[in-house]
Amino acid sequence: MSGYSRDSHQTSHFGSEVENKFAGGRSMAQPSSAGELDAVRLETELLEQWKSENAFVSSIQNRKEGAPFIFLEGPPTANGKPGIHHVVARTYKDLVCRWKTMEGFRVERKGGWDTHGLPVEIEVQKRLDLMSNESIEQFGMDAFNQACRESVWTYEAAWREMTERMAYWVDLDNPYVTLDNNYVESCWWALKQMFDKGYLYRGHKVLPYCPQTGTSYSSHEVALGYKEVEEPSVYVKFKLTDEDASILAWTTTPWTLPGNVGLAVGPEVTYVRCRVKEAAGDSWTGAGGADVGEELILAKDLMKEVLRHHVEIIEEFPGSSLVGRSYEPLFPDAVPRMGSTTAWTVLEADWVTTTDGTGVVHTAVMYGEDDYNLGMEAGLPAHHTVGMDGSFIEGTHPELDGTYVKDCDATIIALLSASGGSNGKGPQSGLLYREKEYAHDYPHCWRTDHPLLYYAMDSWFVRMTAVKERLLEFNDEVEWAPDWVGEGRFGEWLRNVKDWAISRERYWGTPLPVWRTEDGQMKCIGSISELQEEVAKAVAAGIENPECPDDVDLHRPIVDGFTLLSDDGQPMHREPFVMDCWFDSGCASFAQWHHPFDGGEQFDASFPVDYICEGVDQTRGWFYTLLAVSTTVFDSKAYKRCLSLGLILDAEGKKMSKSRGNIVDPWDHFNREGADATRWYMVTAGAPWNPLKFDSNGVRETYAKMFLTLWNVYKFHADYAALDGFDPEASSSDTAQRPELDRWILSRLNTVATGYHESFVNWQFHKAGRDLEDFVVNDLSNWYVRRSRRRLWDEADSGDKLACQHTLHEVLTTLCRLIAPISPFMVDTIHRNLTGLAVHQSDWPLGIPGAIEGATADEWDEVAAKATATLPPHDSALEASMDLVRELAEAGRRVRIDNNRRQRLPCSKGFIVAGPDLSAFHDLLAEELNVEIIQVENDLDRFQRIELAPNFRALAPKARANVNDVANAIKSTEDPVGLLAQIDAGTATIMGILIERSDIEVKRVEREGFAAQTVEVTHGETTSHVSLVLDMNDTPELLSKGMARDITRRVQARRKTLDLDIEATIELEVWMENAPSMMAADEEWVATETRTSACIFHEKGATPPAGAEHFEVDGTVVHFTVV
RNA sequence: GCGCGGGUGGCUUAGUCGGUUAGAGCACCCGGCUGAUAACCGGGAGGUCGCAGGUUCAAGUCCUGCCUCGCGCACCA
């Protein structure tokens, strides 16, 4: 075993390897040795190299003839720090793009930034302390928007660093930016398309409104902010004008009561009029009440819920008979009658139910959607009691005017409770019947956390309801991963689609390009040149306007300054809104190319896009707005495939959020285990769409298992390859002629690669990664390399060594290519050193369909792809045999443990009983099992007996309810051999049922009394049973050999603790008591294995020196010294 | 309230058409192996597969109800 000396060159670091890589006239493909792994350094140095090589760009150029695969980046906002959850999304984006590139596709990846909208404004408002619209306007819209423009880039550097460090390959030097004039112009164009098609309209609608941000929200934004809150709800008496009775109504928003102008009842609902019989009991809490004799009207079904008094029912009647009754306004001056005849009367509405409240719905026209619609229908006065700032308007009530509505609950309750009530016309007990804390989910502002007010306001809408069917059709065409997000969640959203409220009364955003005359004529501008024309027209008609150059800034306040001219000569002013920022990103598929003004070819070739990938929280966000815009503008879907990622949770399963402070900093892992391990962990931890509990230990584990193992396999190969001057191109080794072990690992590689690819196609990246990791750790490292070590120790060039080197070369390079999309660093280093070629320039081992003439990304032509695949031959029989061999090796260890025989003590014989021919592996097995010789035993019954087991699947239909009894009879038969004979003869009957061979399984197990283990082998449909029997008898030769191995092992350990160089020689002396006598050959063997120059085995009885090492084995004490 | 997806040893998870012994990894314990790595091998302990019913000869798997977690929708009076 002279191999050790060949291990001498272990200290070279990969760093030096990179430097001298192309020096020295070595073949490009001839590997140099690897060093110890420093993953972080490897990655950062590689980043430098990629940068200097322009690796990303050249990976695309390399595929310039390939079919396009179009990826669209969902633009992040760069005004917040990136967290680990961003790394997850970017990993999935990147891996698909890298994979497709390797498959021969041309995958352009334009970066993008979302730069408009509320998040930016809020950030700036906080920083500049401009928390109201007035203060912004005082500060100056111009300066404010300038601040927004700058603020957008606050964390751009952090994003860029993260993106580069994790190796997300995307073009950040030439991104689309939503604030760019070109981008805005494309958005304008899109809006004009909608306007021309009649989809864009101006409406007056009750919308959730945030007084702090001064803006209303679309439904997808509202959905972001639901929160459970407990608030006072009130039951209020509405005193009839012509009778001494009050109608009870309930509201959870007392601030809407001054705006009350009607009461709605269900025409079919049964109401009662009842009289209070006695005073309330002590259990009454809170404000409100009623005196004995007061009469109240409410839905009969809700009396128990609502009333706290004993009452007598005076009358029952349907809601319809209440309709038209009038009542006293609660706050007489708050709302002017404005000529309405129906104000403060009872109205009917079929949506009134008796599930909550009193069956009577308080109606404040301006503060509820149903209220508003009913008010418009019934002719109620539409008058605001609340201003845009969220406080009561002057003239509502002296105690309320100017106060923020949410702060008025107590005042309103007090006013109502006063004797006679807030209007002085109520009963002595006041107009409040009862108050009750009420817990419900209420929408809050997704940026400021303030409760939203439902508020009637002017707004612009896109008529999504008009294209609902098209949305659903297009959605059906999208390949969703997972499919239930598309069918379920997204489909449900689309089926309930509402018109999209796209205008915002804000400052920083894409301005709404609609100009309007006072009498309502409108013009929508779709481009800068159109704006210039219109401005020119207006100027020609004598309307003063600022300059409108080609590069006019399309933001506020510049565009507000233009006054246009209507067809009939009236001045038109711009509607003072900006767009919902989700509209901007929804335009990305075309606005990124400045379509239709520029980039026509790029757009035509890239719409709809092939692939998008974002978190599932984008279902109502970007996934929706992309489709909404493409449907209304192009009557098309926007994307063909959408991967919807699960939420990222912390290790405890809590959502990662800024407010919780549980965001994991990706750099913690980039700087410890590296980006490879971080990415691999994220992908293999679970299905992409499942919530991912991000566990730091998991990253560590991935590093230790997957990457360290891979590196060591590589190092093992590279070190010997360098030493031997192995050049895969200069030599060859016929695969078919290689030893079984080589053909086995190559076949396994084929199997694993094929499965890996299939998993990729099915979006099962996690399964792909897990299986591959298992291959690397178990098959490659723990079996192939372990079994092959000695093959490379041989200094002489041999066919066997060459076979091993070629095999390792093939396995490693293929592995690198498979791993590269998920974790691109280490494999690039390995691939470069083994082949001279960067891995991201190389081909996907399972074929390059994108390079096939006339290919498109739509047709996953697996047949054509396979024709371009480069995988080693598959041999399932060989894989099965090796499986068995490995199981037998493990069985051997079990046998030894069961029979108390140490592993190093050889056995003379091992018998293999039954099973397929394994003669090709006998040498290997003998070594693994530490037996002198393997023998095949053909007389099965010598070591095995049979057991019968029922086959339920076959037996159940015949035996029905008796199947268990029949099964037990088969299992517990005293004479399985006899029973089997009967079955084969067709005469076996149990409980009247004829038992056939197919009803049972015959198991062979080892006989008691032998040192044996039986393993079950399944090959296709058939299972067989193979036993391993070890001969436990000792001979002096065996004992000597075993002792030699034990001594060697101890000496080697000693060498290691002495930190001796691997090729250093030692002097060894050994003293043994009660020992078997050592054979000379074994003493010789010890000396060679331990590189001993002078080896002395002392006579029995000699006394070892005091400082000698000693150990005990099977009752023998051995002393030794190493010098 | 409605919809979607989960709930399997301490943790992370696999589990095909329902088939009788629920499989791995981490951590733990014992043993082995090792000039082979942060590794590896054998064994052990640890599971009423969320709960309760039902269908069935047979249920982690199918059905019903419930509990629970996450997400989404609707929450309006």
Side-chain angles (χ1 to χ4, degrees), chain A residues 3-4 7 36-37 206 219 223 226 233 249-253 256 263-264 349 351-353 355-364 367-371 440-443 454 482 484-485 487-493 496 616-617 619-620 646-647 649 651 653-655 685-686 689-691 693 695 697-698 700-701 703-705 708-709 711-713 715-716 767 770 773-774 777-778 781-783 785-786 789 889-898 902-904 928 949-957 959-967 971 1049 1052-1053 1055-1056 1060 1062 1089-1091:
Chain A
Y4 293 145
D7 258 342
E36 296 304 317
L37 177 62
V206 174
S219 45
Y226 273 95
S233 70
W250 179 65
T251 181
T252 56
T253 50
T256 61
L263 292 173
W351 40 263
V352 175
T353 63
T355 51
D356 289 299
T358 64
V360 180
V361 176
H362 140 67
T363 300
Y367 310 112
E369 197 178 336
D370 286 337
D371 307 46
H440 62 155
D441 282 336
Y442 193 84
Y454 283 89
W484 47 260
V485 168
E487 286 157 21
R489 183 168 295 195
F490 197 53
E492 191 195 341
W493 170 260
N496 296 321
V616 69
D617 51 325
T619 309
R620 270 75 183 191
L647 240 69
L649 312 172
K654 297 261 162 55
K655 187 174 171 170
W689 42 84
N690 281 344
K693 278 194 202 177
D695 180 8
N697 290 330
R700 187 113 199 108
E701 207 178 296
Y703 170 75
K705 268 190 107 100
L708 203 52
T709 306
W711 183 260
N712 281 309
V713 169
K715 179 170 149 52
F716 172 72
K767 188 179 178 331
R770 286 171 179 179
E773 183 170 331
D774 186 63
V777 172
N778 285 323
S781 175
N782 286 334
W783 192 251
V785 170
R786 186 162 70 82
R789 275 200 132 69
E890 284 168 20
R893 290 182 206 116
R894 273 199 300 274
V895 170
R896 282 172 180 274
I897 285 162
D898 290 349
R902 62 196 162 89
Q903 217 69 234
R904 287 187 209 92
E928 281 290 318
N951 176 8
F952 282 89
R953 235 175 258 230
L955 219 43
R960 304 270 184 104
N962 293 329
V963 67
N964 278 328
D965 295 331
V966 176
K971 255 190 281 190
R1049 152 86 186 110
Q1052 300 289 33
R1055 284 182 63 109
K1056 214 170 175 179
L1060 294 184
I1062 281 180
E1089 281 289 304
T1090 57
R1091 293 191 67 78

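Chain letters run A, B, ... following the sequence lines, proteins first, then strands; residues in each count from 1. Predicted, not measured: the structure shown is a model, and the values here were computed from it.
A distance-only check finds a donor-acceptor pair linking the side chain of A:Thr363 to the backbone of A:Val361 [under 3.5 Å]. Within the 3.5 Å criterion, the main-chain N or O of A:Leu708 finds a donor-acceptor partner in the side chain of A:Asn712.
For B:rG3, the OP1/OP2 oxygens have no side-chain nitrogen or oxygen of A:Arg489 closer than 4.0 Å. The phosphate of B:rG43 (OP1 or OP2) has a side-chain N or O of A:Arg894 nearer than 4.0 angstrom. The side chain of A:Thr709 places no N or O atom within less than 4.0 Å of a non-bridging phosphate oxygen (OP1 or OP2) of B:rA39.
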What nitrogen or oxygen pairs link the protein and nucleotides 54-59 of chain B at under 3.5 Å?
residue	atom	partner	partner atom	Å
B:rC57	O2'	A:Asn964	ND2	2.7

Dump every N/O contact between nucleotides 21-26 of chain B and the protein below 3.5 Å, one line per pair.
residue	atom	partner	partner atom	Å
B:rG25	O3'	A:Lys705	NZ	3.3
B:rG25	O2'	A:Glu701	OE2	3.3

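Place A:Gly368 and A:Asn496 on RNA chain B by their nearest nucleotides, and A:Asn496 ends up nearer the 5' end. Mapped onto RNA chain B by nearest heavy atom, A:Arg893 and A:Leu708 fall at different nucleotides, with A:Leu708 at the one closer to the 5' end.
Rounded to an integer number of Å, the gap from CD1 of A:Ile897 to P of B:rC41 is 13 Å. Separating the CH2 atom of A:Trp783 from the P atom of B:rC33 is a distance of 17 Å, rounded to the nearest angstrom. Rounded to a whole Å, the CZ atom of A:Arg1049 is 8 Å from the C1' atom of B:rC33. Between A:Gln903 atom CD and B:rU34 atom P there is a gap of 8 Å when expressed in whole angstrom units. Between the C1' atom of B:rA14 and the CG atom of A:Asn690 lies a distance of 13 Å, rounded to the nearest Å. Counting to the nearest Å, the P atom of B:rC41 and the CG atom of A:Asp898 are 18 Å from each other. Residue A:Glu928 contributes atom CD, which lies 18 Å from atom P of B:rG32 at whole-angstrom precision. Between the NZ atom of A:Lys767 and the C1' atom of B:rA14 there is a distance of 10 Å, rounded to whole Å.
Remark: the separation of the C1' atoms in B:rG47 and B:rU8 is 8 Å, to the nearest Å. On the C1' atoms, B:rU12 is 31 Å away from B:rA58, given to the nearest whole Å. Between the P atoms of B:rU13 and B:rC29, the separation comes to 24 Å (whole Å). On the P atoms, B:rG65 is 30 Å away from B:rA77, given to the nearest whole Å. If you take atom P in B:rC30 and the same atom in B:rA45, they sit 15 Å apart, rounded to whole Å. Nucleotides B:rG25 and B:rU61 are separated by 25 Å at their P atoms, to the nearest Å. For B:rU56 and B:rG18, the C1' atoms lie 9 Å apart once the distance is rounded to whole Å. Taking the C1' atom of each, B:rA38 and B:rA52 are spaced 47 Å apart, rounded to whole Å.
Taking CD of A:Glu773 as the reference point, atom CG of A:Asn778 lies at 9.5 Å (rounded to 0.5 Å). With rounding to the nearest 0.5 angstrom, the CH2 atom of A:Trp250 is 11.5 Å from the NE2 atom of A:His362. Going from atom CZ of A:Arg896 over to atom CZ of A:Arg904 covers 11.0 Å, rounded to the nearest 0.5 Å.
Legend: residues meeting side chain to side chain contact (heavy atoms under 4.5 Å, CB included) with A:Ala954, ordered by chain and number and at least two apart, are A:Asn951, A:Asp999.
Within 4.0 Å of A:Arg904, counting heavy atoms only, lie sugar-phosphate atoms of the nucleic acid but no base atom. Using a 4.0 Å heavy-atom distance criterion, A:Leu647 is classed as a sugar-phosphate-only contact. Across all strands, A:Thr256 comes closer than 4.0 Å to no nucleic acid atom at all (heavy-atom distances). Within the nucleic acid shown, A:Phe716 has no heavy atom closer than 4.0 Å to any nucleic acid atom. Across all strands shown, A:Arg953 has heavy atoms under 4.0 Å from base atoms, whether or not it also approaches the sugar-phosphate. Residue-level contact check: A:Arg896 touches neither bases nor backbone, having no heavy atom under 4.0 Å from any strand.
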Can you list the steps and then say if A:Thr256 with A:Thr251 is a side-chain contact (heavy atoms from CB on, under 4.5 Å)? CA-CA 8 Å; A:Thr256 61; A:Thr251 181; 3.9 Å; yes

Would A:Tyr454 and A:Asp370 count as a side-chain contact (heavy atoms from CB on, under 4.5 Å) if you check the C-alpha gap in whole Å, the side-chain angles of each, and the deciding distance to 0.1 Å? CA-CA 11 Å; A:Tyr454 283 89; A:Asp370 286 337; over 6 Å; no

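Base-pair partner of B:rA24: B:rU12 (Watson-Crick or G-U wobble, both distances under 3.5 Å). B:rC62 and B:rG54 make up a base pair, with Watson-Crick or G-U wobble contacts both under 3.5 Å. For B:rC4, the paired nucleotide is B:rG70, the pair qualifying as Watson-Crick or G-U wobble because both relevant distances are below 3.5 Å.
Two residues are said to be in side-chain contact when any heavy atoms from C-beta on lie closer than 4.5 Å; A:Leu955 and A:Val966 meet this criterion.
Annotation for A:Gly359 and A:Val352: closest pair O-CG1, 3.3 Å, computed over non-hydrogen atoms. Scanning all heavy atoms of the two residues, the minimum distance from A:Lys705 to A:Val777 falls at O-CG2, 3.7 Å. Minimum heavy-atom separation, A:Val206 to A:Tyr367: CG1-C, 4.2 Å.
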